Visitor: 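Before we start, here is the structure in question, set down as structure tokens.
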Protein chains: 2
Amino acid sequence: MSDRLNTPSERSVKNSGLTVRVSRTDDQAPAETMQDRAYQTLRHALIVGKLPPGKGISLRAMAEDLGVGVMPMRAAIARLSAENALAVHDNRRVSIPEMTMDRFDQLMQARLLLEPACAMRAIGAIDTAALARIRAHDDQMNASYQSGDAELYMAANYAFHFEIYRAGQSEVLTRLLESIWMQFGPFMRKVYGLVGTARLTDKHEIAINAIERRDVTRLKLAIEADILDGMDLLGKSIFTDANDSLLSKGRSAGRSGRKSGTSGDAA
Amino acid sequence: MSDRLNTPSERSVKNSGLTVRVSRTDDQAPAETMQDRAYQTLRHALIVGKLPPGKGISLRAMAEDLGVGVMPMRAAIARLSAENALAVHDNRRVSIPEMTMDRFDQLMQARLLLEPACAMRAIGAIDTAALARIRAHDDQMNASYQSGDAELYMAANYAFHFEIYRAGQSEVLTRLLESIWMQFGPFMRKVYGLVGTARLTDKHEIAINAIERRDVTRLKLAIEADILDGMDLLGKSIFTDANDSLLSKGRSAGRSGRKSGTSGDAA
DNA sequence: GGTTTCAAATTGTGATCACAATTATTATGA
DNA sequence: TCATAATAATTGTGATCACAATTTGAAACC
């Protein structure tokens with residue numbers, strides 16, 4: 001604790017589920033401040049579904065887990081709460097939001113409205129380099145699907161979509177979508193372990209093809225179809241009473257908190 | 001007949017434009033904590049356009065102006081920044097975001113996509129009491145238009161729209177829209193003073209009529225038309241080089257150095 | 001055994017101080 | 001007069017302490 005530790009050289013990796021590795025899901029902020037480090041780490045954990053819905057988030061505990069001070073963690077949690085990635089209860093306690101059918105519907109409707117529009121705005125700006133990265137993400141996703149690494153699978157899926165959206169430099173729309181993805185990330189991860197992720201037709205391939213041909217309509221349809229695939233797969237059928245108990249294993253943070261370690265149930 | 005609304009020239013320039021009054025724009029959080037009080041106050045100021053684009057936001061100065069401590073203000077600013085209502089620059093300095101044509105396009109596109117959907121989700125849940133409130137907001141808006149109170153005008157417009165959207169209990173979508181409205185609030189306020197707010201046909205009346213008849217399609221069209229009216233009014237034509245200097249009077253607090261042009265007294 | 005009671009631990013909120021980095025202001029040079 | 005250097009003021013970030021409100025765990029009770 002000598003002088004300024006602006007340099008992200010040292011990374012005090014700690015215990016528990018998520019390590020402090022500065023694994024930024026995307027090329028966002030430089031994360032030069034501690035609170036940005038904490039934010040990026042938590043954000044990545046949410047998107048890849050490392051954290052189960054309902055899990056309580058304790059300020060001090062999470063700060064120690066991530067190896068940062070309390071103040072940076074406070075800021076990170078506040079930011080994620082404002083982005084609706086974390087839920088604040090009346091008790092002023094924070095947790096990973098629980099998923100409901102209504103919430104899922106809204107999230108998917110928002111995706112269905114915003115993502116095709118975002119893709120269409122971007123299609124003209126995707127050069128060969130960007131297209132190569134998009135292909136790489138898709139390959140990574142297929143590989144992770146084969147190897148059964150759900151977190152890598154989700155990270156690659158996120159990277160694929162946002163590599164497209166970000167090409168259009170639609171910052172406003174992209175920010176909205178980032179918030180949305182963080183919200184259904186934890187839920188998706190849980191669900192991927194339950195239902196077989198049988199991919200009918202690879203909509204990503206169609207999307208890549210549409211980008212090559214600069215076919216705006218086709219790209220729009222591909223993105224829509226990709227989202228609908230996910231909805232069909234884990235939509236309504238998941239929210240039965242039988243499965244509901246499975247999905248909300250980590251109870252609402254209103255009570256308890258001792259089950260902070262429930263990050264298992266891998267696929 | 002055109003320039004009904006007050007120009008923002010009288011904006012009190014000094015930071016102390018907004019008092020601590022807990023003027024909540026809507027019926028949101030209980031705001032029992034200090035940081036919620038600060039958040040609600042700033043949020044309301046943004047939505048009604050009390051703060052000009054480009055204005056720098058100083059943590060300590062704003063805290064003193066609002067009569068709260070530094071910690072609550074820090075949390076409030078962090079939250080609004082996460083909601084993209086405030087812009088954080090590389091200097092880690094915060095300001096009211098400047099408006100660009102591209103940003104405006106994206107905001108309006110997001111509105112165009114989300115708001116009709118939100119209204120359609122809500123139409124079935126609007127009972128007579130809610131409809132009465134909606135009418136009251138519209139009346140308030142017309143009255144404010146006549147009297148030339150731009151801030152009240154904008155507050156009523158906000159209340160009108162979100163009274164509809166919130167009836168559908170679409171929390172996810174509504175949150176997204178709140179972020180969007182906070183983003184174009186400051187810009188709208190500035191623009192209202194420049195262009196004459198000549199309302200061609202009152203789309204609000206059409207919307208109310210559609211709600212009465214439970215005419216979903218008609219409501220969707222009314223909301224779309226209302227948004228398009230605003231776009232046509234202050235869209236492309238505003239972003240000419242001539243007007244641009246007017247619009248970005250308070251310069252960005254970013255790299256260019258100069259802090260908010262409103263640091264002193266008169267502009 | 002099951003419920004109630006009560007102390008210890010933990011929670012988020014907020015204040016206060018410290019510090020490095022900018023920004024603003026004044027002083028000093030040609 | 002104008003540009004440069006030095007100084008003062010202000011900024012956001014972070015640590016640390018304090019405090020009230022819950023939550024937890026165990027003891028005490030019926």
Side-chain angles (χ1 to χ4, degrees), chain A residues 1-8 10 12 20 29-40 55-82 86-95 250-260, chain B residues 15 20 29-40 55-82 86-95 250-265:
Chain A
M1 166 139 44
S2 48
D3 20 16
R4 288 282 294 178
L5 34 95
N6 263 349
T7 53
E10 42 80 38
S12 53
V20 159
E32 56 183 29
T33 65
M34 307 244 70
Q35 64 185 58
D36 279 335
R37 287 238 325 253
Y39 169 78
Q40 295 292 351
K55 175 186 171 77
I57 300 294
S58 161
L59 179 59
R60 291 175 175 87
M62 188 65 67
E64 190 176 3
D65 279 357
L66 297 190
V68 300
V70 181
M71 287 297 301
M73 185 53 56
R74 203 206 288 217
I77 290 177
R79 181 171 174 187
L80 289 165
S81 301
L86 297 178
V88 291
H89 301 82
D90 299 333
N91 346 356
R92 300 175 180 180
R93 209 140 287 193
V94 181
S95 69
R251 241 29 223 145
S252 146
R255 40 172 281 246
S256 96
R258 272 290 70 119
K259 49 178 41 188
S260 41
Chain B
N15 276 344
V20 178
E32 56 183 30
T33 65
M34 309 243 67
Q35 64 184 56
D36 279 336
R37 286 239 324 258
Y39 169 78
Q40 296 292 350
K55 176 183 169 72
I57 299 295
S58 160
L59 179 59
R60 290 175 175 87
M62 188 66 67
E64 191 175 1
D65 282 354
L66 297 190
V68 301
V70 181
M71 287 296 301
M73 185 53 55
R74 203 206 288 218
I77 291 178
R79 180 170 174 188
L80 288 166
S81 301
L86 297 179
V88 292
H89 302 82
D90 299 335
N91 346 354
R92 301 175 180 178
R93 208 140 287 192
V94 180
S95 70
R251 288 240 61 74
S252 154
R255 295 197 44 80
S256 61
R258 267 173 48 89
K259 210 180 75 176
S260 73
T262 62
S263 60
D265 189 6

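In this text the structure is predicted, and so the values were computed from the model without any measurement. Lettering follows sequence order; numbering is per chain, from 1.
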Visitor: Could you tell me how far apart B:I77 (CD1) and D:dT11 (C1') are, to the nearest whole angstrom?
Guide: 11 Å

Visitor: Quick one: CG on B:L66 to CE on B:M73, what's the gap to the nearest 0.5 Å?
Guide: 4.0 Å

Visitor: Working to the nearest 0.5 angstrom, can you tell me the gap between A:T33 OG1 and A:Q40 CD?
Guide: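 Between A:T33 OG1 and A:Q40 CD, I get 9.5 Å after rounding to 0.5 Å.
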
Visitor: Between B:M73 (CE) and D:dG12 (C1'), how many Å, whole number?
Guide: 14 Å

Visitor: Mind checking the CG-CD spacing from B:D90 to A:E32? Nearest 0.5 Å is all I need.
Guide: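 Rounded to the nearest 0.5 Å, the CG-CD separation comes out at 8.0 Å.
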
Visitor: Quick check for you: to the nearest 0.5 Å, what is the distance between B:K55 atom NZ and B:M62 atom CE?
Guide: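 Reported to 0.5 Å precision, the distance equals 5.5 Å.
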
Visitor: Looking only at heavy atoms, what is the nearest atom pair of B:A76 and B:A38, with distance?
Guide: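 Minimum heavy-atom separation between B:A76 and B:A38: CB-CB, 3.8 Å.
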
Visitor: Can you check whether A:S95 reaches A:H89 side chain to side chain, under 4.5 Å on heavy atoms?
Guide: yes

Visitor: Of the nucleotides C:dG12, C:dT11, D:dT11, which has the atom closest to the B:R93 side chain?
Guide: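 Among the listed nucleotides, the one closest to the side chain of B:R93 is D:dT11.
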
Visitor: Would you call B:R74 and B:V68 a side-chain contact if the rule is heavy atoms closer than 4.5 Å?
Guide: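 SC-SC contact between B:R74 and B:V68 ruled out.
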
Visitor: To the nearest Å, how far apart are B:I57 CD1 and D:dT10 C1'?
Guide: 15 Å

Visitor: Does a nitrogen or oxygen in the side chain of B:N91 sit under 4.0 Å from OP1 or OP2 of C:dT23?
Guide: yes

Visitor: Roughly how many Å is it from NZ in B:K55 to P in D:dT11, rounded to a whole number?
Guide: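 Taking atom P of D:dT11 as the reference, NZ of B:K55 is at 12 Å.
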
Visitor: Just how far, in rounded Å, is P of C:dG12 from CG of A:L86?
Guide: 11 Å

Visitor: B:L59 has an atom CG; how far is it from atom P of D:dG12, in whole Å?
Guide: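 Checked: the CG to P distance equals 5 Å.
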
Visitor: Could you tell me the separation between the CG atom of A:L59 and the CD1 atom of A:I77, rounded to the nearest 0.5 Å?
Guide: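 Reported to 0.5 Å precision, the distance equals 5.0 Å.
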
Visitor: Could you tell me, to 10°, how much the axis swings from one end of the helix from C:dG1-D:dC30 to C:dA30-D:dT1 to the other, five pairs per end?
Guide: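 Rounded value for the end-axis angle: 0°.
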
Visitor: Sort me out a list of protein N/O and nucleotides 14-18 of chain C N/O pairs below 3.5 Å, or just none if empty.
Guide:
from   : atom 1 : to    : atom 2 : distance (Å)
C:dG14 : OP1    : B:M34 : N      : 2.6
C:dG14 : OP2    : B:Q35 : OE1    : 3.0
C:dG14 : N7     : A:R74 : NH1    : 3.1
C:dG14 : N7     : A:R74 : NH2    : 3.2
C:dG14 : O6     : A:R74 : NH2    : 3.1

Visitor: Write down the distance between CD (A:E64) and P (C:dG12), rounded to a whole number of angstrom.
Guide: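 One finds 14 Å between P of C:dG12 and CD of A:E64, rounded.
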
Visitor: Output the rounded distance in Å from CZ (B:R92) to P (D:dG12).
Guide: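 Taking CZ of B:R92 and P of D:dG12, I get 11 Å after rounding.
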
